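First the structure, in the form of structure tokens, and then the observations on it.
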Number of protein chains: 2
Amino acid sequence: MKPVFVEEIHQLHAELCQALADPKRILILYALSERPLNVGELTELLGIRQSNVSQHLAVLRDRGLVNAERDGTNVRYSLKYPMVVAALDLLRGVLRDSLSDTRNRAERLMEIVR
Amino acid sequence: MKPVFVEEIHQLHAELCQALADPKRILILYALSERPLNVGELTELLGIRQSNVSQHLAVLRDRGLVNAERDGTNVRYSLKYPMVVAALDLLRGVLRDSLSDTRNRAERLMEIVR
DNA sequence: TTCTTATATTCGAGAGATCGAATATATCCC
DNA sequence: GGGATATATTCGATCTCTCGAATATAAGAA
């Protein structure tokens with residue numbers, strides 16, 4: 001495998017992470033991990049403009065992370081790879097540890113300052 | 001827990017993902033998962049400017065993903081949470097599946113077009 | 001066809017990310 | 001102290017992201 005392809009893999013890998021790098025898209029993915037939802041339901045859930053929801057869904061579609069199935073006038077979105085949510089869960093664990101570390105460090109510093 | 005805090009968690013979660021959303025930072029994290037490295041070694045590995053490496057390391061530091069330990073004139077960086085690389089591995093798996101799906105779809109389409 | 005509802009796309013403004021170049025800081029050695 | 005090396009930061013240009021507003025498309029009902 002040529003180095004140029006290796007770099008392209010890392011680019012795609014980064015673009016996948018980029019798709020997760022927005023709080024609303026994270027919410028969308030977690031919601032879809034429960035059950036498929038159409039755009040209207042997601043719009044109500046997120047409490048933002050419908051066009052904005054569609055824009056975020058377009059990002060997730062571009063990255064191949066969701067399926068879109070038209071059902072009459074609705075479009076039903078579903079999660080394509082549950083592993084994405086597993087990855088998000090791992091990162092949430094990292095976040096928890098990181099916050100805990102930060103808090104403990106702050107507490108130690110407070111002891112010294114007191 | 002108040003809704004405002006829930007939203008802040010999703011914001012932090014997204015910021016964590018954002019830290020992974022760059023090919024060079026992904027390479028840095030994978031390299032550090034093998035062993036701690038100093039800035040010079042990372043610069044050589046990535047083949048980019050030293051200032052750029054420092055900038056990427058600053059992002060990872062800000063998000064609390066790496067430790068930086070000064071050793072004389074060098075600074076040794078190490079991975080703080082191996083789970084981050086586990087999450088990257090999961091996403092790489094998703095990427096592989098996604099590419100495989102795309103290829104298979106293209107093959108089926110070629111059958112029809114032929 | 002026209003009307004209505006659901007969803008998608010386009011556009012432009014503002015915010016944010018990335019880079020190289022230049023400069024600053026920190027440590028060590030003399 | 002001064003000089004050398006390693007790393008960090010700042011600055012400005014360019015690019016990308018996100019949003020709301022407006023508009024476009026698609027399907028169904030009348």
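Since we're looking at a predicted model, the values are computed, not measured. First the proteins, then the strands, lettered A, B, ... as listed; each starts at 1.
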Pairs involving [range], ordered by first then second residue, that meet side chain to side chain donor-acceptor pair (under 3.5 Å) (sequence neighbours left out):
range	value
residues 16-33 of chain B	B:R25-B:H56, B:Y30-B:D89
residues 90-103 of chain A	A:D101-B:Y81
residues 38-51 of chain B	B:Q50-B:S54

Counting side-chain heavy atoms from C-beta on, which of C:dA22, D:dA6, D:dA22 comes nearest to B:N74? D:dA6
Can you tell which of C:dA8, C:dT7, D:dT7 lies closest to the side chain of A:Y77?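 Side chain of A:Y77 sits closest to C:dA8.
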Return the value, rounded to whole Å, for the distance between atom [atom1] of [X] and atom [atom2] of [N].
X	N	atom1	atom2	answer
B:E69	C:dA26	CD	C1'	16 Å
A:N38	C:dA8	CG	C1'	14 Å
A:R49	C:dA8	CZ	P	18 Å
B:R63	C:dA17	CZ	C1'	10 Å
A:L42	C:dT7	CG	C1'	12 Å
B:Q11	D:dT18	CD	C1'	12 Å

Within residues 13-34 of chain A: residues closer than 4.0 Å to DNA chain C (heavy atoms):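 None, since no heavy atom is under 4.0 Å.
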Near DNA chain C, under 4.0 Å by heavy atom, which residues of residues 52-61 of chain A?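 Listed by number, they are A:S54, A:Q55, A:R61.
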[X]: which residues meet the side chain to side chain contact (heavy atoms under 4.5 Å, CB included) condition with it, sequence neighbours left out?
X	answer
A:A86	B:L90
B:D62	none
A:A68	A:R61, A:V75, A:Y77
B:S78	B:P36, B:N67

Residues forming a side chain to side chain donor-acceptor pair (under 3.5 Å) with A:E15, sequence neighbours excluded: A:Q11
Partner set under side chain to side chain donor-acceptor pair (under 3.5 Å) for B:R70, not counting sequence neighbours: none
How does each nucleotide of nucleotides 23-30 of chain D score, in 5' to 3' order, for protein heavy atoms under 4.0 Å: base (B), sugar-phosphate only (S), or none (-)? ---SSS--
Quick one: CD on B:E34 to CG on B:L32, what's the gap to the nearest 0.5 Å?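 Nearest 0.5 Å value for the CD-CG distance: 10.0 Å.
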Single-linkage hydrophobic cluster A:L37~A:V66, side-chain heavy atoms < 4.5 angstrom: yes
